[in-house]
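Structure record follows, encoded as structure tokens.
This structure is a prediction, so every number in the text was calculated from the model and none was measured.
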2 protein chains.
Amino acid sequence: MYSIGYLSKKTGVKVPTIRYYEDIGLLSSERNAGNQRRYSAQGLERLSFIRHARDLGLSLEAIRDLLALGADPDAPCADVHAITRAHLADVQARIAKLKRLEKELKRIEANCHAEDVGECYVIEALADHGLCAGAH
Amino acid sequence: MYSIGYLSKKTGVKVPTIRYYEDIGLLSSERNAGNQRRYSAQGLERLSFIRHARDLGLSLEAIRDLLALGADPDAPCADVHAITRAHLADVQARIAKLKRLEKELKRIEANCHAEDVGECYVIEALADHGLCAGAH
DNA sequence: CCTTGAACCTCTAGTGACTGGAGCAATTAG
DNA sequence: CTAATTGCTCCAGTCACTAGAGGTTCAAGG
């Protein structure tokens, strides 16, 4: 049985975060005589799963669903893919949006050749959406 | 003088959000006899500025700084650019990270040819970081 | 002038995913 | 046995809103 600090070291998830995962029902633990959390190898595995899925940007809600699916070997694999594919679409949409922002920020930056705020194109552009090149 | 609802319609910022901006000191307003908010043309302009900067992804903290700079025509334009350039760098970093995620998610998806969760590669990959292609 | 309905007011609490601190209790190493 | 470390619970804060309850004011029509 592992302590919460050991799990933290092994997975890179901070101790308060592990407690938080327990609070919201993602992770469970036993307690020893002194009321301290003790985890099995399965607990460590489960936390690693959560950590990795978080690193990939999945929401805790999505992870909750994945964990439920993972617990049932006969569940259709397609259900898992539905979750990850939806996430992928979301990631792609965010990339697209950020790229538009990047372009617009660069354009605004490049248009300013002033010395002080009085003539700064950045300030003007922010005040007036009409000066924008593309939609955002 | 404009009402809060009018400002909301003109800028696309929701009424509670405008009140929130006032709470945190980004925007101020006068009050009429019945204690309702009344805005000048400057107020409308200021809110448009905030709205546009938010659309470009700037934080309210950054916007607060930009507004302070914008109020002083003799302030160095470079200070404005420092803020927007920092934001641009942040946007670019986020794009890079999301692209790594996109790649990894696609790879994991493509590697699974199973029917049910028992053999699903997605579940395996999430449980074991060692199966990952790149770092994330 | 009166009524109705829309718009407004304040205040509180909730979102997601944590993070940090206070003030204790338990464990572990020497 | 003692000191240092680790653990416990509970509460509050982050960011940028959003929603709801319960009440007030305003503008238009009759």
Judged by atom type as modelled, is there a donor-acceptor pair below 3.5 Å linking the side chain of [X] to the main-chain atoms of [Y]?
X: A:H87; Y: A:L56; value: yes
X: B:R51; Y: B:T11; value: yes
X: A:H52; Y: B:L126; value: yes

Between [N] atom [atom2] and [X] atom [atom1], what is the distance in whole Å?
X: A:I63; N: C:dC18; atom1: CD1; atom2: C1'; value: 13 Å
X: B:E22; N: D:dC17; atom1: CD; atom2: P; value: 15 Å
X: B:D23; N: C:dC9; atom1: CG; atom2: C1'; value: 12 Å
X: B:R19; N: D:dA19; atom1: CZ; atom2: C1'; value: 12 Å

Query - Test: B:D23 and B:R19 ion pair at under 4.0 Å - result: no
Report task. Check step by step if side chain to side chain donor-acceptor pair (under 3.5 Å) holds for B:T84 and A:E109. Result -> CA-CA 8 Å; B:T84 49; A:E109 277 283 333; 2.2 Å; yes
Look at [X] and [N] and indicate whether a side-chain polar atom (N or O) is within less than 4.0 Å of OP1 or OP2.
X: B:T17; N: D:dT18; answer: yes
X: B:Y21; N: D:dC17; answer: yes
X: A:R31; N: D:dT9; answer: yes

Query - Derivation and outcome, side chain to side chain donor-acceptor pair (under 3.5 Å), residues B:S29 and B:E22 - result: CA-CA 8 Å; B:S29 65; B:E22 184 174 321; 3.0 Å; yes
Requested in this report: Find the distance between CZ (A:R46) and CD1 (A:I63) and round it off to the nearest 0.5 Å.
Outcome: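 Separation between the atoms: 11.0 Å.
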Requested in this report: List in numerical order all residues of residues 3-13 of chain B for which some heavy atom is under 4.0 Å away from an atom belonging to DNA chain C.
Outcome: B:S3, B:I4, B:G5
**Report entry** Common cluster, A:M1/A:L7, ILVMFWY with side-chain heavy-atom separation under 4.5 Å
**Finding:**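 The answer is no; the residues belong to distinct hydrophobic clusters.
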Query raised in the report: So which heavy atom on B:S8 is nearest to which on B:V13, and how close?
Result: OG-O, 2.7 Å
Query raised in the report: What string of B, S and - do you get for nucleotides 25-30 of chain C, 5' to 3', when a contact is any protein heavy atom under 4.0 Å?
Result: -SS---
**Report entry** Nucleotide of D:dC17, D:dC8, C:dA17 approaching A:R37 most closely (side-chain heavy atoms)
**Finding:** D:dC8
Query raised in the report: Using a cut-off of 4.0 Å on non-hydrogen atoms, how would the nucleic acid contact of A:R54 be classed: base, sugar-phosphate, or nothing?
Result: sugar-phosphate
